Amino acid sequence: TGTDRASEVLVVGGGIGGLAAALAMKRNGADVTLVEHAPEFGEVGAGLQMAPNATRVLRDWGLLDAVLEVGVQPKHIVFRDATTGAELLRQNVRDEFAKRYDAPYVVVHRTDLHRIILDAAAEAGVTLLNDVEVTGTETAGSRATATARDGRTFEADVVVAADGLHSKLRAQIADDKPIPSGYVAYRGALPVSEVTYQSDMEDVVVWLGPQCHLVQYPLRKGEMFNTVAVFQSPAFLRGEEIWGSEDELEEAYRDCVPEVKAALANLWRVRSWPMFDRAPIPTWVDGRTALLGDSAHPMLQYLAQGACQALEDARVLERITADSVFAGDTADNAAWDGALARYNAVRAPRTARVQRTARVWGESWHVSRPVEKLLRDMLFAGAGADVYRFTDWAYSVEATDALDPAAGPSEAIERIAAVGDDNRPG
Ligand code: FAD
């Protein structure tokens, strides 16, 4: 049954996921407020890879052209052995790839992507509030109330909890904590003139070393260069509380080729990002509160899919509610419960697969024993022969358009994902 008033949606968290959700709900005609804890909206000034499953969402929202204007479309993703320099795999991500997945692979400055979605949300009429730290939500009947630390309350038909890896609102649903992987990331995005060593400016290059890897790619039409170094911390393995120091960074790459060692000078040293994920959870909904983005499915970044999956979440919620809550002339707020259940049923299995596969993918990169490297090289050679066997499940139109929770990928991917259940990168 339709109601006379609009549907009210409160989004908690103004990262890429929260902004995408706010824009998506506004596009359907909801009255949307987004609250963010930080005094200003923003993102880390480093790079972000966007695969076609995410760039299709941006295109659906009319934002892809703006992203392409400031981003780079790499020619290849290249994997190299960091200790020998040998090329393991060169995957063309233009041409046939872009045709197959009906969208480009793009690398973009995080600040740029965040600003493009923020501007679109503001322009669409989303109310954006800073300095609001939500401490909890409660559902009474068919309304949700979010309470902020300063005592303010916000009432809505639905709360979308996009409050990230350390989500407070997830704690109302799941009794779990972020799991440290023992790996830490250092990042740096510098003007290209200041860069000490750069690999091919047209490619994303991933160097794989023992318990470490390094990623390089251009940003902002090649004016900037992005470097990410990820390695296992010996201090973490020793059980120490503080881990991932700069000394450990230098030591982790000691056996690597000179190009990789030189690239370490392109990293910021003031900050590092210890890497965490969580195990998949089947339930994302608590009354009228639903998780989205990292709060629902934080993952290790080896598949470069965290933000991509958050965009998929928002787009699926938009499509499901367009057919239910927003199908009539007036909003049917009673339809939210069914819509959230369907969103949960569609998204949880897919993102669980990405979380699990990311763990295994990362572990296959960081091997050091000769037999492991042999198997890794054979895996990459096999992938090179038929790369789509490994990417269709993640990037294809069929994979993201299905609003059928039963739709699954190939047996090979299911086997890989299953290993990620109990196998930590190490
Ligand atoms: P966040 O960005 O964490 O946003 C959460 C927001 O909520 C924050 O603004 C926070 O201040 C706010 N907040 C938190 N608690 C509260 C509260 N109680 N009340 C109000 N506000 C609150 N993904 C990709 O797709 N491609 C990549 O190439 C890629 N590379 C990565 C590389 C690294 C090294 C890392 C660490 C991650 C990478 N990711 C990548 C993952 C991606 O960054 C994340 O998945 C994505 O940014 C998550 O967005 P989010 O909006 O869900 O969460």
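Everything numeric here is computed off the predicted structure, so don't read it as measured data. Indexing begins at 1, ligand by ligand and atom by atom, following the structure's order. No hydrogens, no waters, no symmetry mates; every other heavy atom, side chains included, goes into these values.
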Closest non-hydrogen protein atom to [atom], residue and atom name please, with distance?
atom	answer
atom 38 (C) of ligand 1	Arg110 NH2, 3.2 Å
atom 4 (O) of ligand 1	Gly15 CA, 3.6 Å
atom 19 (N) of ligand 1	Val134 N, 3.0 Å
atom 51 (O) of ligand 1	Gly17 N, 2.8 Å
atom 40 (C) of ligand 1	Leu48 CD1, 3.6 Å
atom 12 (C) of ligand 1	Glu36 OE1, 3.3 Å
atom 7 (O) of ligand 1	Gly13 CA, 3.2 Å
atom 44 (C) of ligand 1	Asp294 OD2, 3.5 Å

[X] N/O under 3.5 Å from ligand 1 N/O:
X	value
Leu165	no
Val228	no
Ala304	yes
Ser295	no
Gln49	yes
Gly164	no
Lys168	no
His37	yes
Ala307	yes
Trp273	no

Atom indices of ligand 1, in the order listed, that fall short of 4.0 Å to a heavy atom of [X]:
X	value
Gly306	23 (N), 24 (C), 25 (O), 41 (C), 45 (O)
Gly293	52 (O)
Ile16	51 (O)
Glu133	18 (N), 19 (N)
Val12	19 (N), 20 (C)

>> When you compare the side chain of Asp60 with that of Glu318, does any pair of heavy atoms fall below 4.5 Å?
In response: no

> Does any non-hydrogen side-chain atom of Val70 lie less than 4.5 Å from one of Val108?
Replying inline: yes

How close do [X] and [Y] get, counting heavy atoms only, and between which atoms?
X	Y	value
Gly85	Arg80	O-CD, 3.4 Å
Arg110	Val44	CB-O, 3.1 Å
Pro349	Ala345	CD-O, 3.1 Å

Heavy-atom contact under 4.0 Å between [X] and ligand 1?
X	result
Arg187	yes
Gln309	no
Ala162	yes

What I want to check is whether the side chains of [X] and [Y] have a donor and an acceptor closer together than 3.5 Å.
X	Y	result
Arg278	Gln355	no
His76	Asp200	no
Trp243	Glu248	no
Trp393	Thr357	no
Glu259	Trp207	no

>> For Trp361 together with Phe380, are the ring centres under 6.0 Å from each other?
In response: yes

> Are His366 and Tyr302 near enough that their ring centres are under 6.0 Å apart?
Replying inline: yes

>> Take a 6.0 Å sphere around NZ of Lys75 and say whether it holds more than 12 heavy atoms from other residues, nucleotides or ligands.
In response: no

> For atom NZ of Lys99, is the number of surrounding heavy atoms from other residues, nucleotides or ligands below 6.0 Å larger than 12?
Replying inline: no

>> Evaluate Arg90 against Glu202 for salt bridge (Lys or Arg N to Asp or Glu O under 4.0 Å), listing each step before the verdict.
In response: CA-CA 12 Å; Arg90 172 174 291 264; Glu202 299 209 291; over 6 Å; no

>> For Phe231 and Tyr186, take the angle between the two ring planes, folded into 0 to 90°, and tell me which bin it lands in: parallel under 30, tilted 30 to 60, perpendicular over 60.
In response: parallel

Would you kindly specify which portion of [X] sits under 4.0 Å from ligand 1, judged on non-hydrogen atoms: side chain, backbone, both or neither?
X	value
Val132	backbone
Asp163	both
Gln305	backbone
Met275	neither

> With Arg170, which of Asp175, Asp294, Asp176 fulfils side-chain hydrogen bond (donor to acceptor under 3.5 Å, both in side chains)?
Replying inline: Asp176

